[in-house]
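As a basis for the values below, the full set of heavy atoms in this structure was taken, side chains included, without hydrogen atoms, waters or symmetry mates. Throughout, protein chains are lettered first and strands after them, A, B, ... in sequence-line order, and every chain is numbered starting at 1.
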There are 2 protein chains.
Amino acid sequence: MVEPDVQIDEIDLALLRSLQADARAPISALSRDASVSRANAYARLARLRESGVIARLSACVNPYLAGLSLAAVILLRATTDAWPRWSSFAEAFDEMPEVEFAADLAGEVDMILLARFSDMDHLRSFIENDLRRLPGIAGIRTLLVLNETPKRSWLLPRSSRRGKRRDRRD
Amino acid sequence: MVEPDVQIDEIDLALLRSLQADARAPISALSRDASVSRANAYARLARLRESGVIARLSACVNPYLAGLSLAAVILLRATTDAWPRWSSFAEAFDEMPEVEFAADLAGEVDMILLARFSDMDHLRSFIENDLRRLPGIAGIRTLLVLNETPKRSWLLPRSSRRGKRRDRRD
DNA sequence: TTTGAAAGAGATACAAG
DNA sequence: CTTGTATCTCTTTCAAA
């Protein structure tokens with residue numbers, strides 16, 4: 001959640017988009033699609049990686065085909081005294097392999113999890129053995145996922161965003 | 001959301017794990033880590049890809065470093081008449097570049113979105129111009145993300161899951 | 001399934017324009 | 001920033017053990 005001074009231009013975005021589509025695409029193809037030279041693309045990709053903009057190159061595995069046929073969104077409330085301790089929760093969630101995504105929220109829900117399970121039994125034992133034993137959790141609401149979008153790696157913003165924007169201060 | 005007959009053994013899991021860590025790792029390295037021959041790894045990876053277990057190889061971009069410094073979880077209720085039409089919503093969400101993840105839920109919330117924005121203005125215009133104009137939406141609750149885990153690509157299940165499980169029927 | 005070999009493609013570094 | 005070149009590593013296929 002660092003906010004450093006990384007400048008990303010349209011060429012970087014084009015490279016990122018291509019890499020998101022195919023992380024194994026040859027650099028010559030990426031450079032062609034971004035309309036720059038190979039050397040340029042090479043240097044930019046190195047910079048994007050070192051600066052952390054590209055966190056990693058990864059395989060997107062279909063969980064439903066990999067034995068995790070059940071997904072749930074879990075809404076959590078924390079006890080008021082556990083409030084300022086997101087970092088301790090984050091650590092705990094990181095240790096739970098079923099948790100794909102965890103976030104600290106502002107609003108009527110304190111934290112949210114997206115988690116995946118092999119079956120109902122697995123979900124039940126996760127809630128009973130892992131979640132309920134976590135200190136600082138005041139409420140657990142479990143919502144089963146009936147359907148989900150193909151988990152887009154999300155698209156990058158276009159150069160000029162929709163709607164107005166006066167200036168950029170980053 | 002197809003549930004076909006794909007069999008994945010421990011060697012496949014090892015390959016998937018390695019590929020998740022580095023999608024550009026040479027196959028010789030993957031095969032070494034999985035303790036199989038290159039030819040074997042090669043054949044397995046081809047099968048995993050064709051069967052869709054590996055949906056794609058992609059770059060994981062840090063949204064906060066890429067100009068999307070604001071994230072929100074959006075909980076939606078659908079009007080009762082729009083109820084059985086997840087597919088139409090899914091299509092609409094797919095067209096919205098800010099939506100990273102969308103799911104149809106069972107429970108007190110009908111649908112959930114994880115969306116990313118460049119700033120508050122962007123979030124506001126998204127809700128007003130994109131969400132509110134969608135027919136069939138009865139309620140919108142927006143929760144700002146204060147903090148989130150590094151968006152683990154999620155770990156694959158170990159061979160024997162924690163807790164009990166009598167038998168596998170897949 | 002594994003190992004070995006072999007052709008072609010791509011990565012990476014560096015020079016010169 | 002580009003193009004060209006050179007070396008080395010991978011990919012991919014295939015044959016033999």
To the nearest Å, give me how far apart [atom1] ([X]) and [atom2] ([N]) are.
X	N	atom1	atom2	value
R32(B)	dT9(D)	CZ	C1'	13 Å
N40(B)	dA17(D)	CG	C1'	16 Å
L30(B)	dC10(D)	CG	C1'	12 Å
L45(A)	dG10(C)	CG	C1'	14 Å
R49(A)	dA11(C)	CZ	P	12 Å
R47(A)	dC1(D)	CZ	C1'	14 Å

Looking at R24(B), I want to see if its CZ is surrounded by more than 12 non-hydrogen atoms of other residues, nucleotides or ligands under 6.0 Å.
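Yes, enclosed.
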Tell me, yes or no, whether the heavy-atom count around R85(B) atom CZ, taken from other residues, nucleotides or ligands under 6.0 Å, exceeds 12.
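12 or below, so no.
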Starting the side chain at C-beta, find the nucleotide from [options] nearest to [X].
X	options	result
R38(A)	dC1(D), dT5(D), dT11(D)	dT5(D)
Y42(B)	dT12(D), dT3(D), dA13(C)	dT12(D)
S37(B)	dT2(C), dG4(C), dC1(D)	dT2(C)
V36(B)	dA5(C), dA11(C), dT2(C)	dT2(C)
I27(A)	dC10(D), dT2(C), dT12(C)	dT12(C)

Please determine if R124(B) and E98(B) form a salt bridge, counting it only when a charged side-chain N lies under 4.0 Å from a carboxylate O.
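Judged by the 4.0 Å cut-off on N to carboxylate O distance, R124(B) and E98(B) do not form a salt bridge.
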Please determine whether a side-chain nitrogen or oxygen atom of R24(B) lies at a distance below 4.0 Å from atom OP1 or OP2 of dA11(C).
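So the side chain of R24(B) is within the cut-off, an N or O lying under 4.0 Å from OP1 or OP2 of dA11(C).
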Given DNA chain D, 5'-ward residue of the pair A39(B) and A41(A), judged by closest heavy atom
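Between the two, 5'-proximity favours A41(A).
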Listed once per pair and sorted, the salt bridge (charged side-chain N to carboxylate O under 4.0 Å, His left out) pairs that draw on residues 64-81 of chain B, sequence neighbours left out:
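Found R77(B)-D110(B).
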